[in-house]
Amino acid sequence: MVLVYIDNSEGQIKKASYEVAGYGVALAEQMGTEAVGICVGNVANDALSTLGEYGLSKILNAQNEHLNYFDSQVHTKAVAKAVESTGAEVVVLSHNYNGKALSARLSARLKAGLVAGAVELPDTNNGFLVKKSVFSGKAFANYELKTDKKVISVNPNAFGLHKKGGTATVETFDAGISADDVKVKVLSVNKVSDTIALSDAELVVSAGRGLKGPENWGMIEELANTLGAATACSRPVSDVDWRPHHEHVGQTGITIRPNLYIAVAISGAIQHLAGVNSSKTIVVINKDAEAPFFKAADYGIVGDAFEVVPKLNEAIKAYKASA
Amino acid sequence: MKILVCVSKVPDTTTKIEFTDNQFKADNVTWIMNPTDEWYALVRAVELKEQHGGTVTIINVGGAENDQIIRKALAIGADDAVRVNAEPTDAYEVASQIASHAKEANYDMIFTGKETIDYNGFVVGGMLAELLDLPYISLASKLDSDGSKATIEREVEGGNEIIEVSGAFVVSTQKGIAEQRIPNMRGIMSARTKPLQVVEPNGEGALSTIQSYELPPQKESVKLIDAENVGELVKLLHEEAKVI
Ligand SMILES: Cc1cc2nc3c(=O)[nH]c(=O)nc-3n(C[C@H](O)[C@H](O)[C@H](O)COP(=O)(O)OP(=O)(O)OC[C@H]3O[C@@H](n4cnc5c(N)ncnc54)[C@H](O)[C@@H]3O)c2cc1C
Ligand SMILES: Nc1ncnc2c1ncn2[C@@H]1O[C@H](COP(=O)(O)O)[C@@H](O)[C@H]1O
């Protein structure tokens with residue numbers, strides 16, 4: 001049995017959970033077994049049954065007032081109990097913020113070998129091998145797991161969304177959590193409203209110091225808007241507060257793996273690349289044909305961002321209107 | 001305040017990554033203290049000690065060649081250090097060795113970096129917290145504590161959360177929590193005589209092994225599109241790359 005952790009926030013299932021549902025289902029098929037979901041939080045049964053479209057046949061729903069906020073210690077106990085009661089051999093999670101904390105704790109609790117940040121389905125032909133990205137995207141390592149129980153966290157966007165059609169039954173699950181288990185208190189949750197979260201965005205438009213000042217970001221936001229993309233930036237840009245700190249990608253910022261990364265007026269320093277080089281497709285717009293970023297790019301335009309970006313925005317608008 | 005800071009040693013980001021016989025080729029590599037451990041975990045721990053008093057202890061699981069980065073951590077302001085003399089092969093082994101030290105020592109807080117830049121695990125802090133049955137707050141970008149109660153800002157998708165923890169905890173740190181400190185001459189001098197205790201491993205072994213490494217396929221050279229013809233780019237993104 002494969003147990004899939006359904007991450008959620010404020011009653012909503014996160015997009016990453018649909019991706020890992022598909023991953024878990026594909027892995028279960030490969031192993032000749034079944035995949036079941038476990039949701040710990042306060043998600044309504046109706047919402048959970050939509051996970052059936054990704055092939056999960058059953059979802060365990062653990063709800064009580066102590067589980068409304070994510071706390072790795074409490075959620076680990078709840079998921080470990082589900083592992084015990086279902087006899088699951090593999091637990092699959094997203095390698096997103098919560099998944100990173102939870103997968104590590106679960107691995108230690110269950111003495112289960114862990115692959116943190118898998119990029120593919122395991123190879124189960126001969127043992128259990130899972131590929132993961134290492135050295136900040138500069139290499140891959142194939143991890144072998146021999147423990148009875150295994151934990152895999154999957155890099156966001158590495159597997160993609162795979163709809164299969166179907167419905168899932170939802171069962172109430174008693175995770176056995178009481179007030180004594182809860183050691184941390186969430187005082188407030190502050191979401192940046194109505195923008196797409198960078199960490200799980202499929203499309204990202206990013207810009208660097210070449211844009212000269214914060215007043216020039218309008219065209220970047222417009223392009224992102226047209227595409228339905230999140231915005232990001234290089235480190236110097238967030239260091240001088242042209243853009244908010246959570247947009248900074250790279251070695252010291254966040255690592256992202258979108259399907260499309262458009263880098264505008266960013267030179268492509270190795271520390272920047274470390275955060276974005278696993279993106280599926282990279283487009284670089286830079287006025288300097290020698291900018292190192294072109295070596296890491298799939299498509300490039302040598303030109304002035306102030307001319308190219310508005311034109312690209314119009315061209316995408318035209319494409320969207322015709323599609 | 002009694003604080004433990006976990007530091008690891010990693011190849012510098014600019015290192016060319018190569019493998020021989022399925023082993024990372026470690027010749028000609030410049031080794032550094034893992035950036036988030038040095039800039040964020042360590043500096044915030046030292047700041048808290050400066051504010052409230054107490055001690056900052058460094059722990060590293062590794063061989064004698066790691067003493068160099070441990071001395072640097074002492075030069076930045078830690079008081080003493082423990083090196084568990086082992087060559088760990090996975091994160092569980094690291095966490096288990098640190099846990100077996102920390103179990104006895106009763107730290108108020110245990111700091112880690114967010115991830116190592118070689119194995120990119122994001123794992124050791126969470127495992128350690130589970131082994132010690134402590135709360136774990138990951139990706140802290142702010143942390144204040146009066147010794148018994150801590151307030152921590154942690155990053156979540158599309159925003160942040162403010163969390164309060166009473167009692168001991170493990171935290172992983174990132175940008176925002178502190179600013180990098182360059183060790184000064186006095187720090188470097190005093191680091192030479194600060195205690196560095198070497199202990200033999202008595203934790204558990206690894207739960208996983210790396211069977212092989214691969215380099216990503218060579219990237220085809222970039223397709224350049226004329227700046228006057230951005231429509232071509234849109235077409236390629238749709239038809240060839242299939243990303244829009
Ligand atoms: C230890 C360490 C960690 C670091 N971590 C990070 C990190 O996490 N993330 C990160 O991003 N950086 C990081 N850096 C910094 C990194 O080395 C680079 O300095 C930084 O990425 C450069 O940012 P940039 O490309 O925006 O600016 P620049 O290097 O100044 O490049 C600007 C680019 O814009 C182009 N340009 C200028 N005008 C135009 C125009 N009108 N149209 C088109 N193009 C134009 C220029 O040709 C140039 O290529 C780190 C550095 C160190 C030492
Ligand atoms: N060998 C080690 N010794 C001490 N601490 C370590 C070691 N390896 C990792 N850590 C700590 O654990 C954090 C996360 O590492 P990782 O799980 O490998 O990404 C690092 O930022 C360090 O703080």
Side-chain angles (χ1 to χ4, degrees), chain A residues 72-73 76 96-97 100-101 104-105 107-109 111 113-114 116-117 129 133-136 138-145 147 183-192 197 199-200 227 245 251-253 259-260 270-271 274 280-281 294 297-303 308 311-312 315-316 319, chain B residues 13-14 17 19 35 91-92 95 117-127 129-131 134-139 151 155-167 175-176 207-216 219 222-225 227 230-231 233-234 236-238 241 243-244:
Chain A
S72 64
Q73 195 174 19
T76 296
N96 64 357
Y97 294 139
K100 281 169 177 161
R105 291 196 80 125
S107 162
R109 189 180 187 95
K111 303 279 172 274
L114 166 68
L129 280 178
S133 155
V134 289
F135 294 102
S136 307
K138 288 192 265 182
F140 296 103
N142 291 302
Y143 275 70
E144 180 166 30
L145 301 183
T147 46
K183 304 279 174 12
V184 311
K185 199 159 103 193
V186 177
L187 302 179
S188 66
V189 182
N190 315 300
K191 292 270 168 82
V192 189
S199 46
D200 51 17
L227 279 166
H245 283 244
Q251 188 202 326
T252 44
N259 291 336
L260 174 62
I270 193 137
Q271 297 89 354
K280 283 205 185 93
T281 300
F294 284 116
D298 299 282
Y299 304 104
I301 294 182
V302 180
V308 176
K311 274 192 208 155
L312 181 59
I316 290 171
Y319 155 75
Chain B
T13 330
T14 55
I17 303 301
F19 303 98
Y92 184 74
I117 61 171
D118 47 4
Y119 294 99
N120 303 101
F122 237 112
V123 173
V124 170
M127 287 183 165
E130 188 61 28
L131 294 170
L134 292 177
Y136 172 53
I137 295 89
S138 59
L139 284 168
T151 313
E155 195 165 323
V156 297
E157 277 88 5
N160 62 56
E161 276 177 5
I162 315 288
I163 288 169
E164 191 179 89
V165 203
S166 307
K175 185 182 162 171
L207 295 173
S208 62
T209 44
I210 294 179
Q211 209 214 37
S212 60
Y213 290 98
E214 300 170 23
L215 291 173
K219 213 161 178 121
V222 56
K223 259 188 201 165
L224 288 179
I225 293 120
V230 292
L233 175 62
V234 178
L236 286 167
L237 290 177
H238 176 61
V243 288
I244 60 171

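Proteins get letters first, then strands, A, B, ... in listed order; numbering begins at 1 in each.
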A.B. asks: Which residue out of L233(B), L215(B), N160(B) racks up the most heavy-atom pairs below 4.5 Å with chain A?
C.D. replies: N160(B)
A.B. asks: Counting heavy-atom pairs under 4.5 Å with chain B, which one of S133(A), A315(A), A274(A) comes out on top?
C.D. replies: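 Heavy-atom pair counts peak at A315(A).
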A.B. asks: With rounding to the nearest 0.5 Å, note down the distance linking OH in Y92(B) to CG in L114(A).
C.D. replies: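 That separation rounds to 12.0 Å.
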A.B. asks: Less than 4.5 Å to any heavy atom of chain A: does that hold for the side chain of I210(B), its backbone, both, or neither?
C.D. replies: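 Both backbone and side chain.
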A.B. asks: What's the spacing between Y136(B) OH and R105(A) CZ if we round to 0.5 Å?
C.D. replies: 9.0 Å
A.B. asks: Does NZ or CZ of K223(B) fall inside the cone over Y299(A)'s six-membered ring, less than 6.0 Å from its centre and within 45° of the axis?
C.D. replies: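 No, K223(B) does not lie over the aromatic ring of Y299(A).
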A.B. asks: Against chain A, work out which of S212(B), G176(B), G159(B), A241(B) has the most heavy-atom pairs shorter than 4.5 Å and name it.
C.D. replies: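 Heavy-atom pair counts peak at S212(B).
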A.B. asks: Supply the atom-to-atom distance T14(B) OG1 to Q271(A) CD, rounded to the nearest 0.5 angstrom.
C.D. replies: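 If I round to the nearest 0.5 Å, the distance is 7.5 Å.
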A.B. asks: Would you please say whether a donor-acceptor pair under 3.5 Å links the side chains of E161(B) and N190(A)?
C.D. replies: no
A.B. asks: Go through the side-chain N and O atoms of E155(B) and Y97(A) and say whether any donor and acceptor fall under 3.5 Å apart.
C.D. replies: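 Distance-only check passes for E155(B) and Y97(A).
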A.B. asks: Let's test your reading of the structure: which of H245(A), K183(A), K138(A) forms the most heavy-atom pairs below 4.5 Å with chain B?
C.D. replies: K138(A)
A.B. asks: With a 6.0 Å cut-off (strictly less than), is the heavy-atom count around NZ of K185(A), excluding the residue itself, greater than 12?
C.D. replies: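 No - once you tally the heavy atoms of other residues, nucleotides and ligands closer than 6.0 Å, there are 12 at most.
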A.B. asks: Specify which of T147(A), V308(A), L129(A) makes the most heavy-atom pairs with chain B at under 4.5 Å.
C.D. replies: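 Most heavy-atom pairs under 4.5 Å with chain B: L129(A).
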A.B. asks: For T76(A), which atoms come within 4.5 Å of any heavy atom of chain B: side chain, backbone, both, or neither?
C.D. replies: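 Interface part for T76(A): side chain.
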A.B. asks: If you count heavy-atom pairs under 4.5 Å between each of G303(A), G253(A), A141(A), S107(A) and chain B, which one has the most?
C.D. replies: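 Looking at each option in turn, the highest pair count goes to A141(A).
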A.B. asks: For chain A, find which of S166(B), S138(B), A95(B), A129(B) contributes the most heavy-atom pairs closer than 4.5 angstrom.
C.D. replies: A129(B)
A.B. asks: Which pair of heavy atoms, one from A197(A) and one from G158(B), lies closest together, and at what distance?
C.D. replies: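 Closest approach of A197(A) to G158(B): CB-N, 3.8 Å.
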A.B. asks: Using non-hydrogen atoms only, which part of S188(A) is less than 4.5 Å away from chain B: side chain, backbone, both, or neither?
C.D. replies: both
A.B. asks: Just do the side chain to side chain contact (heavy atoms under 4.5 Å, CB included) check on Q211(B) and Y143(A) with the steps written out, would you?
C.D. replies: CA-CA 6 Å; Q211(B) 209 214 37; Y143(A) 275 70; over 6 Å; no
A.B. asks: Can you tell which part of P135(B) gets under 4.5 Å to a heavy atom of chain A, answering side chain, backbone, both or neither?
C.D. replies: both
A.B. asks: Given the options L145(A), D200(A), L312(A), V302(A), which has more heavy-atom pairs under 4.5 Å with chain B than any of the others?
C.D. replies: L312(A)
A.B. asks: Could you give the distance from CD1 (I117(B)) to CD (Q251(A)), rounded to the nearest 0.5 Å?
C.D. replies: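 So the CD1 of I117(B) and the CD of Q251(A) are separated by 4.5 Å.
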A.B. asks: What distance separates I316(A) CD1 from L237(B) CG, expressed to the nearest 0.5 Å?
C.D. replies: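 So the gap between those two atoms works out to 7.0 Å.
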A.B. asks: Would you mind checking which part of S136(A) comes under 4.5 Å of any heavy atom in chain B, side chain (CB onward), backbone (N, CA, C, O), both or neither?
C.D. replies: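 Answer is both: backbone and side chain atoms of S136(A) are under 4.5 Å from chain B.
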